[in-house]
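Every chain is numbered from 1 and lettered A, B, ... according to where its sequence line falls, protein lines coming before strand lines.
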Amino acid sequence: MSKRLPLEGIRVVDITVVWAGPYCTQLLAEWGAEVIRVEPRQRIQPSTRNAEQRATREMVERMHAGGQGGLFAYADLDPGERPWNRHAHFNSHARNKLGMTLDIMTEEGLDVLKRLVAKSDVVVENNVPETIDRAGISYEALCEVNPGIVMLRMPAYGLDGPYRNYRSFGNHMEAMTGHHYLRSYPDGDPSMTGSSFTADAAGGIHGAFAIMMALRQRRRTGEGQMIELAQAENFLPYIGEYILQYTVNGVNPEPRGNEMPPHAPCGAFPCEGDDYWVAIDIWTDGQWEALRACIGEGWAMDERFNSQPGRWESRQELNERIAYWTAGQERYALFHRLQAAGVPAGVLQDEPAAYACPHLAERGFFEELTHPEAGTHRYPGLNVRFTETPNHLRRHPVRLGEDNDYVYRELLGFSEEEIERLVELGHIGEEYPPEAYGRR
Amino acid sequence: MPLAGVRVLDFSRYAAGPFCTRLLAEYGADVVKVEQPGTGDPVRKWQPFANDIEDQEHSLVHLHVNAGKRSVTLNLATAEGQRIARTLAGEADILVESSRPGKMREFGLSYEEIREINPALLYVSISNFGQTGPYRDYESSELIAYAMGGPMHATGHIDREPLKLAGNITQYQAGAVAAYATMAGLWRAEDTGEGDHVDVSLYEAAMGSRDRRTVHLTAYAYTGSPSKRVTDGVSLGSGFRPTADGYIMLAGYGKRLPSLLRLIGREDLLEDPRTATPSSAVDPEYVDEVETSYVTWSASRQKAEALREAQEQHLVGASLNTVADLFTDPHFSERAPWEDVDHPAVGAYRAVGRPFQMSGGARRSGMRAPLLGEHTDEVLHGELGFSREEIAELRSGGVI
């Protein structure tokens with residue numbers, strides 16, 4: 001028996017790009033909101049549908065064979081006729097949504113958008129503020145057509161200030177706020193650290209949290225509101241204790257890599273196989289005794305290691321010895337053996353390992369969806385579950401313009417003449433025109 | 001405030017649950033944090049400490065994640081402690097806990113038991129691996145949660161050990177997921193009068209996050225190629241480059257390459273056919289020509305100046321800051337997302353504020369963490385009607 005999902009009846013207009021915004025609206029779609037994604041046909045939005053360059057099947061296969069497949073992650077390594085519907089980057093944040101095509105940067109496009117907003121509850125955008133200004137969109141302008149609207153704006157740095165129009169991905173915000181520096185190797189330079197994109201996840205989750213608070217408030221007061229989520233500021237609480245080290249103690253915190261003072265041993269240790277690792281993290285005497293018993297070698301009996309301060313003092317030696325001990329061991333056998341003994345340990349799970357995880361299988365984390373153009377695949381599922389309200393992935397990642405009929409005809413009641421005109425103007429369609437697609 | 005009038009009974013400990021209830025408190029909920037008498041939430045012992053004073057009021061993580069709450073001590077191992085906890089649960093809208101799965105039942109505070117006395121209550125459980133499944137009772141930590149659930153294997157340098165995230169971020173992220181789920185559950189509970197049991201795990205919160213994890217998982221399902229550690233700077237125009245005072249990091253690859261060429265004064269290459277050919281990004285001669293000009297350009301500028309010029313070309317990018325840089329940076333100085341806090345043990349200090357701002361409601365700003373048990377009398381006497389004598393008795397009996 002399926003229960004009504006909490007957000008059923010809430011309609012969200014989604015004019016987001018790249019990662020954080022689309023993740024936010026997907027989190028609303030998971031729990032029943034009707035999310036309508038609005039995308040232009042006239043321009044390819046960079047890094048959104050990853051269709052900026054015309055990739056051939058040969059090019060995709062070559063990039064994957066060379067280990068450079070990330071930006072070429074088309075279903076079955078085939079860009080197909082409509083690559084923009086087959087790309088993993090977009091399809092990992094587009095399920096349970098509806099899609100329409102419309103260029104909101106034109107006069108008639110803005111008019112259509114306003115008709116949609118008039119029938120909706122929420123608008124979400126994460127564009128550069130000057131772009132939204134140029135479109136003639138503002139909270140005030142949308143209030144004129146729908147005074148109860150809830151609008152979430154999530155630019156990188158905010159709606160004012162010197163960096164108002166700075167362009168940024170999640171990894172750039174993390175560099176600006178200090179996170180990249182803090183998580184670097186203590187003995188390496190920051191260019192060795194690699195990207196993390198944690199700020200994108202933080203922006204999406206907090207955005208969904210904020211919208212639901214605003215909807216609840218609207219239910220009580222009848223009034224909508226505007227939420228400003230500057231993604232860089234939104235990330236600061238995630239490094240809150242580092243900021244306090246500076247403001248309270250006057251210490252500018254240094255990179256720590258995998259160190260978690262006073263945890264020792266603590267880190268990633270190599271195992272049998274190609275680039276396979278196990279994490280071990282010890283912070284109590286009991287955990288150390290359990291690990292020492294598993295190791296069963298004389299060096300581990302050294303009484304310097306009996307106390308936490310002693311282990312922290314000897315952390316480099318401990319980590320080196322443990323790496324020597326783990327090398328050659330099978331990662332899952334070691335993980336289960338350590339956990340059975342009460343030692344906090346985990347496998348650094350790559351994607352094949354995650355898909356094969358028996359725990360996730362029993363909890364039903366991965367779920368299968370069939371996409372009309374990308375085929376049948378298992379997707380990462382819901383990040384939370386409710387005991388009394390079972391929930392599942394319901395609809396495949398939305399294709400470009402897939403629900404134009406529903407939105408223009410059924411929802412907005414456009415006449416055939418109006419629709420014909422919008423088709424002629426290039427708004428309505430399911431493909432990018434050649435002049436927009438294929439350029440580099 | 002958006003959550004004014006919402007009552008949260010918070011049994012959660014460490015970082016994830018308290019980060020969740022901090023967010024709820026920040027936007028107006030009344031959060032009563034229940035702690036073990038004498039010792040309190042173990043997070044109070046976490047490093048680093050304010051002014052290096054290692055007591056239960058000076059942990060910086062505690063000061064951060066427990067801000068805005070009231071602290072009540074209750075010994076849940078006593079019958080009287082459990083009775084008081086159940087009374088508080090009867091009047092709450094939301095209960096948050098992060099015990100080992102099954103532990104709350106030992107205290108008579110399980111979801112099933114609380115539902116009997118308060119059917120509309122939303123019961124939020126945060127755990128390592130979830131309330132069910134073969135890993136349910138396994139140990140975890142920040143490092144292990146990111147190793148198992150997050151894309152740690154693909155983070156860092158290919159010739160080095162993989163890297164975790166800084167500090168406690170994987171736990172905070174799980175707390176944020178719990179706050180998001182709490183709002184969905186509260187929406188429904190207020191709609192229907194029916195509560196629910198929310199099951200959040202560090203493991204699945206990481207596995208379902210768009211910090212590359214869901215992207216890489218989907219990419220693997222599509223192509224069979226697992227992700228690897230890829231270090232910034234390996235591709236043309238992308239990653240860190242040195243400046244006179246640090247580093248900048250621009251995304252100057254693919255269709256952004258012409259903007260990068262204009263930025264570094266190599267307009268002459270705009271007409272070069274190699275600029276429009278994807279494979280030239282790995283052509284050593286072409287890469288060397290562009291990169292030499294790029295680094296000559298970057299090394300002769302301050303990082304903020306280099307970034308400003310790059311942004312004028314609409315290039316996506318950043319400079320590399322330390323925490324101290326945030327306090328001299330013109331943008332962060334102007335917007336000042338900081339708040340002044342006054343704490344009875346620590347004194348006055350500046351803390352981070354506002355994840356986001358809502359035009360329809362104020363936040364609780366300048367929030368501070370409570371002293372251990374600071375609000376025990378206020379809640380027991382003022383709200384539950386215990387007499388001063390009864391409270392003294394509970395205290396001498398070790399209940400509070």
Part of B:Phe129 within contact of chain A (heavy atom distance under 4.5 Å): both

Candidates A:Arg167, A:Met173, A:Arg164, A:Glu233 - the one meeting side-chain contact (heavy atoms from CB on, under 4.5 Å) with A:Tyr157: A:Met173

Most contacts with chain A, counted as non-hydrogen pairs under 4.5 angstrom, among B:Ser319, B:Ser201, B:Gly361, B:Ala145: B:Ser319

Chain A contact via B:Glu334 - side chain, backbone, both or neither, heavy atoms under 4.5 Å: side chain

Best-contacting candidate, A:Phe169, A:Tyr379, A:Tyr238, against chain B by heavy atom pairs under 4.5 angstrom: A:Tyr238

Quiz item: cation-pi between A:Arg219 and B:Trp187, 6.0 Å / 45°: yes

Side chain / backbone / both / neither for A:Gln217 at chain B, heavy atoms under 4.5 Å: side chain

Residue among A:Leu7, A:Thr177, A:Leu27, A:Asp200 with most heavy-atom pairs under 4.5 Å to chain B: A:Leu27

Winner by heavy-atom pair count (cut-off under 4.5 Å) against chain B, out of A:Pro22, A:Gly188, A:Cys357, A:Ser184: A:Cys357

Interface moiety of B:Pro134 toward chain A, non-hydrogen atoms closer than 4.5 Å: both

Charged tip of B:Arg241 within 45° of B:Tyr247 ring normal and under 6.0 Å: no

Region of B:Leu326 in contact with chain A, defined by heavy-atom distances below 4.5 Å: side chain

Which atoms of B:Asn168 approach chain A - backbone, side chain, both or neither, heavy atom under 4.5 Å: both

Side-chain ion pair, A:Asp350 and B:Lys228, N-O less than 4.0 Å: no

B:Tyr180 portion near chain A, given a 4.5 angstrom heavy-atom threshold: both

Interface moiety of B:Arg213 toward chain A, non-hydrogen atoms closer than 4.5 Å: side chain

Ring-face cation of B:Arg335 near B:Phe332 (centre distance under 6.0 Å, axis angle within 45°): no

Interchain contact, A:Arg378 with chain B, by part (heavy-atom threshold 4.5 Å): backbone

Leading residue by heavy atom contact count with chain B [cutoff under 4.5 Å; candidates A:Tyr242, A:Phe269, A:Tyr185]: A:Tyr185

Toward chain A, the part of B:Trp46 with a non-hydrogen atom under 4.5 Å: neither

Greatest number of heavy atom pairs closer than 4.5 Å to chain B - which of A:Leu215, A:Val251, A:Leu382, A:Val278: A:Leu215

Derivation and outcome, side chain to side chain donor-acceptor pair (under 3.5 Å), residues B:Thr218 and A:Asn91: CA-CA 8 Å; B:Thr218 308; A:Asn91 286 357; over 6 Å; no

Portion of B:Asp325 that has a non-hydrogen atom of chain A nearer than 4.5 angstrom: neither

Interface moiety of B:Ala184 toward chain A, non-hydrogen atoms closer than 4.5 Å: both

